Every structure is written in structure tokens, then in C-alpha cells.
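Source: prediction; values computed, not measured. Just so it is clear, the values below take in all heavy atoms, side chains as well, and ignore hydrogens, waters and symmetry mates.
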Amino acid sequence: MRGVLAILLDTFSYRLMAMAHILAVVVAFGPLLVYPQLRRTGDTATLAATHMRLTFPALVVLWVLGMGLAGISEDIYKMSQTWLALSLVNWAILVAVSWFLIRPATIDTSESGRSKFAAGIGITHLGLVVGLALMVWKPGF
């Protein structure tokens with residue numbers, strides 16, 4: 001089975017999907033690096049629009065492509081692998097933080113909004129590092 005798997009993973013479609021998955025990561029997490037600066041300048045409209053038109057949809061595309069990669073790269077028991085299950089939990093946390101913490105805080109200029117925004121960005125950066133570690137080291141595989 002490993003020989004067949006090696007051939008399957010070396011196809012153009014797999015590499016294209018993997019490249020699109022990595023691009024979705026860049027699109028989902030890259031703008032978060034400029035969010036604090038946009039917030040400091042008071043450009044909350046641009047911040048909110050960027051989050052809802054670019055960052056949040058990229059998180060959804062990230063999941064779709066990740067599930068596609070998992071579907072074509074392993075056998076039927078793939079979901080029992082620790083690294084993949086933890087990656088899904090990490091993704092779900094990031095989506096919840098993005099929707100319930102960052103999204104409302106993008107337009108809230110109060111002190112409470114500022115702290116929720118900072119917490120959401122910090123949690124998202126931590127989630128990115130956790131996701132990268134899971135993808136690179138694949139614990140439990």
C-alpha cells in the first residue's frame with residue numbers, strides 16, 4: 001500500500017492541491033499581521049472588510065483543501081490519526097476565534113473591543129504555530 005501511496009502523492013493534482021492549501025494559509029493568516037496597524041490608524045472599515053472578504057473565507061478554503069488532501073492521501077482510517085484530528089480541532093478553534101472574537105472587535109473601538117481584538121490576534125498566531133507544528137511533525141502518525 002505504501003508504494004501505491006507514494007505514487008498517488010506524486011501526482012500533479014495532489015501537488016496542485018497542496019500548493020493551493022499552503023496559499024490559503026498565507027491568505028488566511030497574512031493579513032492578521034497588518035490588522036494591529038490598521039486598527040491603530042482607525043481604519044476599522046477596511047479591517048472589517050478585509051476580515052470578512054479575505055481572511056475568513058480563506059480559513060474555509062483552507063479546511064476544504066485540507067480535507068481534500070487528507071482524502072486522497074491516506075486510507076479510510078485516516079481520521080484516527082492524532083495529527084489530523086488535532087489539526088481539525090485547531091482549525092475549529094481558529095474559526096470560532098475569528099468569527100466570535102476578531103470579527104466583532106474589528107469595528108468596536110472601545111477598550112473592551114481593543115482587548116478582544118488583541119486576544120483574538122494572539123490566539124490566532126498561536127493557532128498558526130500549532131497548526132504548522134502538527135503539519136510538519138505529524139504526531140501519532
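Minimum heavy-atom separation, Ala58 to Ala24: CB-O, 3.9 Å. What you find for Pro36 and Leu32 is that their closest heavy atoms are CD-O, 3.4 Å. The heavy-atom pair separating Thr82 from Pro139 by the smallest distance is CB-O, 3.4 Å.
Both Met52 and Val60 sit in one connected hydrophobic cluster of ILVMFWY residues. Membership requires side-chain heavy atoms under 4.5 Å apart, directly or through other members. Criterion: ILVMFWY side-chain heavy atoms under 4.5 Å apart, direct or through other members. Under it, Val25 and Leu54 are not part of a common hydrophobic cluster. Follow the hydrophobic side-chain contacts under 4.5 Å out from Ile123 and you reach Leu88 in the same cluster. Criterion: ILVMFWY side-chain heavy atoms under 4.5 Å apart, direct or through other members. Under it, Met17 and Val26 are not part of a common hydrophobic cluster. Both Val89 and Leu101 sit in one connected hydrophobic cluster of ILVMFWY residues. Membership requires side-chain heavy atoms under 4.5 Å apart, directly or through other members.
Judged as a ring pair (Phe, Tyr, Trp, His ring centres under 6.0 Å), the pairs with a partner in residues 91-131 (not counting sequence neighbours) are, in order, Phe56-Trp99, Trp63-Trp91. Residue pairs satisfying the salt bridge (Lys or Arg N to Asp or Glu O under 4.0 Å) criterion with at least one member in residues 113-129, sequence neighbours excluded, are listed as follows: Glu111-Arg114. Judged as a side chain to side chain donor-acceptor pair (under 3.5 Å), the pairs with a partner in residues 39-50 (not counting sequence neighbours) are, in order, Gln37-Arg40, Asp43-Thr46.
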Under 3.5 Å, sequence neighbours excluded: what are the donor-acceptor pairs made by side chains of residues 64-72?
none

For residues 126-136, dump all side-chain donor-acceptor pairs below 3.5 Å to protein atoms at least two apart in sequence or in another chain.
none

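Every side-chain contact (heavy atoms from CB on, under 4.5 Å) that Ser110 has, sequence neighbours left out, goes to Asp108, Ser112. For the ring-ring contact (aromatic ring centres under 6.0 Å, His included) test, no residue two or more places apart in sequence or in another chain qualifies with His21. In this view, Tyr35 and His51 satisfy the ring-ring contact (aromatic ring centres under 6.0 Å, His included) rule, not counting sequence neighbours.
Listed by chain and number, the hydrophobic cluster partners of Phe12 are Leu16, where partners are ILVMFWY side chains within reach of under 4.5 Å, directly or through others.
In this structure, the side chains of Thr124 and Ser98 stay at 4.5 Å or more apart for every pair of heavy atoms.
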Item to complete: Test side chain to side chain contact (heavy atoms under 4.5 Å, CB included) on Leu62 and Phe29 and set out the steps.
Response: CA-CA 11 Å; Leu62 175 70; Phe29 294 101; 4.3 Å; yes
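From Leu38, atom CG reaches atom CG of Leu33 across 11.5 Å, with rounding to the nearest 0.5 Å. Between the CD1 atom of Ile102 and the CD1 atom of Ile121 there is a distance of 4.0 Å, given to the nearest 0.5 Å.
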